[in-house]
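Below is one structure; the comments refer to it alone.
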Amino acid sequence: FSTYCNLIKRDGLVLGDGARRLHVSAALSAKASVAMSRFEAGSAVNYEKLLNNISIVRKRLNRPLTLSEKIVYGHLDDPVGQEIARGRTYLRLRPDRVAMQDATAQMAMLQFISSGLPRVAVPSTIHCDHLIEAQIGGAQDLQRAKEVNQEVYNFLATAAAKYGVGFWKPGSGIIHQIILENYAYPGVMLIGTDSHTPNGGGLGAICIGVGGADAVDVMAGIPWELKCPNVIGVKLTGSLSGWTSPKDVILKVAGILTVKGGTGAIVEYHGPGVDSISCTGMATICNMGAEIGATTSVFPYNHRMKTYLEKTGRKEIAELADEYKECLVPDSGCHYDQLIELNLSELKPHINGPFTPDLAHPVSEVGATAQKNGWPLDIKVGLIGSCTNSSYEDMGRAASLAKQALDRGLKCKAQFTVTPGSEQIRATIERDGYAKILRDVGGVVLANACGPCIGQWDRRDVKKGEKNTIVTSFNRNFTARNDANPATHAFVTSPEIVTALAIAGTLNFNPETDYLTDSKGEKFKLVAPTGDELPSRDFDPGEDTYQHPPTEGGSVRVDVNPQSNRLQLLEPFLKWDGKDLEDLQVLIKVKGKCTTDHISAAGPWLKFRGHLDNISNNLLIGAVNIDNDAVNKIKNQLTGEYGGVPDVARFYKVCTLRLCCRVWIRGHVTRCITGSNKDQGNINTVQAYSANGVQWVVVGDENYGEGSSREHAALEPRHLGGRAIIVKSFARIHGMCIRPDDKISIVGLKSFTPGKPLAAVLKHSDGSSESIVLNHTFNETQIEWFQAGSALNRMKQLQK
C-alpha cells in the first residue's frame, strides 16, 4: 500500500489530481474484472452495474428495497423506464447466465438450433444428471447410462460445442450442486431449466426455474419476462441445534404456506437466525422452496457464504462481494407482502408426507398419525442425497449416526441408498471416510445423479400396487414420483432423520426420545448428529468431467437421425388464423391435484424428452378423470368407446395446430414454442384421424401444473391438437358444470388485449348453453407470440 501511495504522489507531481482518479479507476477496473467462474475468464462479475441499477430504482420508488428487489431490479433491461408494481407488471430482465439439465436441455437446444443463431449470448451450461437410472450402484449405473443414452449425450455435447455452451458430462453431478460449487454467487441472476434451480439462493443468488423456451430467450440475447414478484419475508431468530436441521425450516414453512402459498412470490429469509445456518443448509431451504410454488428463494450475503466461496476456489468473488455487500442484503425498513417468523431454537425435526410435500408433521408425532391413518409403519427404504440434501455437511451428519449404530453392532433395518450431489462431494466423502461408514451400515452409494428423486429408480423390492413406506431427504413426494408405484407412501425429511429411521426401520421412532436395542440386547439412544460444515482439507475435485466449448464452434457438426426415437428436429407451429376457436371438445376434465407429473410423467419417459411425438404418449396418463374416477381412461366422444388420454387425443387431432396452450407452473407460464405438425411413425393414422377435425381443451382444478419446470406439459397438449387449458386458478369456472360431452368456444380473440378477459361459450348436449369469463395474464408481447404461433416464430419475424 505504501508503494501505491508513493506512486500516486510521484505521478501527481506530473499529472496533477487526475493521477489519483486514474489509479482509482484502474483499481476499480481490476476488481470488476473478476471472472464469473474459473471456466469463463472472459465473463466478469458486474457488481457496478447492479449497484447503478439499484440506485436508479431506489430513487424512483423512493423506499427501502428488499434483497429480492435489489437483485431482480438490478437486472432490469431498462431500470429508468420499466414500470414496477409487485404482482402486477411484467419485468424485462437480463439474467447473467443459463443452466440446463440433460432432460430439458434436449428441447431447449433443439429450439435454439431452430432460431438460426450462431452462438449463445450469455454464459450457459448443460449438466448430465437426469438420465442415469439407479439400479445396482454408482459405477455400474453410470456405465449403463452412457451406453443407453449415447445418442442423446453425443447430441448435447456437440450442440454445446457448436453454440458455445459448457458441457458437464454424465457422472459430474446434479445440476444444482454443480451450480453452487462453480457458478452461483451473491447477486447473480441465473435461470435454469429445472424447478429446483432456486437452490442457488443459498449463496445469495436469484436463481429461477424455467422452461426451455425461457432459456432460449436468454441464450438468444432477448430480455426475459417475469411478472414482478411479491416478496414473502421469513424472519429467523434463535439458532439451529441438536436434531434440528436446515431442512426442518422449509418443511415447517411448507406446512404453513402449502404447495401454492408461495405462488408469484420470492421467499426472502432474513434475521439473526440466518447466521446459524451453513451455506449449503441455506441452499437446501431455497431448493425446496419450489414445493410451495415460490418463484425462488434467497438468503442475504454473510460470512457463511464467504467461507463457502473461499473453500470452492472463489476467494476473489468473496472479496468483491464484501465491497458491494450493501447490494447483497435487504435495506433496513423494507416491506414484505407477507411476514412469517420462526424461532429456530424452538423448531423441532419435521417429516412431510405422504403424497404431498406440505403435509407437515413433527417427527415425534408422525408414528401416531401414521397408525391413525393406516399408513404403513415399516420403512422399506431410506434414501439420502439428491439436489436438496447431498452436501459434505449432510453426509457427515448422516455418517455420524451410522457410526453410532455400527459401534453398537447395528445396521439399517431398511434398505439404504446414498446419492452424492457431485463428483467433488463423492470424491471428498470417499477420501474422508464418510462413504465407507455409510456403506458399512448397509448403504448403497449411487451415481452422482438425480436417480430415485425423479423416478430414475429400477426398484424391485415391492410390486406395483403394494402398499409401502419410504423416507427420503428429497424435495418432492407426489404419488408414484419416486418409483412409479401409486401405493408407495413417500415422506421427505432431513438426511439425519432418514438415517435414524432407516436404522430403526419404522416411522414410529423419535430419535430424540426413543431407544434402540444393540447387538448385545442393551438399550441406547442415538446422540444428536454432528458434522463439519466444510472439509478441513480442501475439496477433492475427483475426475475432471467438464467439456469447455471451443472458441469457434462453427465447424462442429450436430446430427439428428430422422429415424431416431430419442431426438426429433422441430418444426414451427402455424400462426393464428385470426378467428375465434369454435366448438372445442373437452378431452378430459381433471379431478383434484394435477401436477406436471400427472401431465407428463418423468421416470422411464425421460428418455423421450428430445422427441416431442414419442413423449406425447404420456400426456395426462396420471390424471384422474372426474367422469369416472379412473386414471388414463376417457370417453372418445366420436366413437363412444373408452381409451387412454393420448390415444383419444390422437384420434381427435387435426393437422393444423395454432393456439399455444398455457400451463401454470410455480406462478408463471411455461409457453409452447415449437413443435411438429407431423406424427412421425404414425403418419397413416393421423391422416385417417385428421378428417375428424375435432379440436379440444382440457379442464382442470386449482393449482394445475404444480411441480417441475416441465415445458413438455405445455408442448404435448399442443402437439396432439389441444387449443387451450382452462383451470380454476386463472379461469372463473368454480361451480360451473362443464361436462365431458360439452363443446366450448373461446371468443373475443380478435380483440385480444392485456387485462381484457376472453369468454367461453359452453354448449351442452341438451341444447342449452351458458357463458363464462376466462381471465388471462397475457401481456402485449405474449399476445404477439400467440398471434405468430409461438415465441420462436415471433423471434424469427423480428430478425427479418
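We number each residue from 1, following the sequence as shown. Quantities reported herein were computed from a predicted structural model and do not represent experimental measurements.
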- Task: Give the intermediate values and the outcome of salt bridge (Lys or Arg N to Asp or Glu O under 4.0 Å) for residues Glu326 and Arg58.
- Result: CA-CA 13 Å; Glu326 188 272 336; Arg58 185 190 283 115; 2.8 Å; yes
How long is the straight-line distance from [atom2] of [Y] back to [atom1] of [X], given to the nearest 0.5 Å?
X	Y	atom1	atom2	value
Met36	Arg97	CE	CZ	5.0 Å
Arg94	His75	CZ	NE2	12.0 Å
Ile317	Met305	CD1	CE	13.5 Å
Ser771	Leu762	OG	CG	7.5 Å
Cys228	Glu69	SG	CD	7.0 Å
Ile588	Ile626	CD1	CD1	10.0 Å

Please give me the minimum heavy-atom distance between [X] and [Y], naming the atom from each residue.
X	Y	value
Glu291	Asn475	CG-O, 3.1 Å
His776	Gly755	CE1-N, 3.9 Å
Val218	Trp224	CG2-CB, 3.7 Å
Asp96	Gly187	OD2-O, 4.4 Å
Cys327	Lys70	O-CD, 3.7 Å
Leu309	Ala184	CD2-O, 4.3 Å

Determine yes or no for a side-chain-to-main-chain donor-acceptor pair under 3.5 angstrom, with [X] supplying the side chain and [Y] the backbone.
X	Y	value
Asp337	Ile232	no
Gln782	Asn779	yes
Asp331	Leu65	yes
Asn793	Ala788	yes
Asn352	Pro357	yes
Thr89	Ala85	yes
Asp248	His350	yes
Glu268	Ser68	yes
His176	Gly200	no
Arg92	Gln82	no

Less than 4.5 Å apart, any side-chain heavy atom of [X] and any of [Y]?
X	Y	value
Leu344	Ser276	yes
Val231	Arg86	yes
Pro330	Tyr336	yes
Thr104	Asp194	no
Thr296	Cys286	no
Tyr269	Ile277	no
Cys279	Leu203	yes
Val727	Val699	no

- Note on the structure: Tyr47 meets the ring-ring contact (aromatic ring centres under 6.0 Å, His included) criterion, sequence neighbours left out, with Tyr324
Is there a donor in the side chain of [X] and an acceptor in the side chain of [Y], or the other way round, less than 3.5 Å apart?
X	Y	value
Thr284	Asn287	no
Thr777	Lys227	no
Glu716	Ser600	yes
Asn389	Lys247	yes

- Message: Students often mix this up, so state it plainly: with edges at 30° and 60°, are the rings of Phe786 and Trp576 parallel, tilted or perpendicular?
- Response: tilted
- Check against side-chain contact (heavy atoms from CB on, under 4.5 Å), Leu342 and Lys252: CA-CA 9 Å; Leu342 286 182; Lys252 179 69 173 179; 3.9 Å; yes
- Message: One pair to check against side-chain contact (heavy atoms from CB on, under 4.5 Å): Arg481 and Thr595. What are the steps and the verdict?
- Response: CA-CA 11 Å; Arg481 175 176 174 84; Thr595 71; over 6 Å; no
- Item | Residue pair Leu339, His270: steps toward the side-chain contact (heavy atoms from CB on, under 4.5 Å) verdict | CA-CA 11 Å; Leu339 183 63; His270 62 283; 3.8 Å; yes
- Task: Apply side-chain contact (heavy atoms from CB on, under 4.5 Å) to the pair Val298 and Leu67, showing each step before the final yes or no.
- Result: CA-CA 8 Å; Val298 68; Leu67 170 60; 4.0 Å; yes
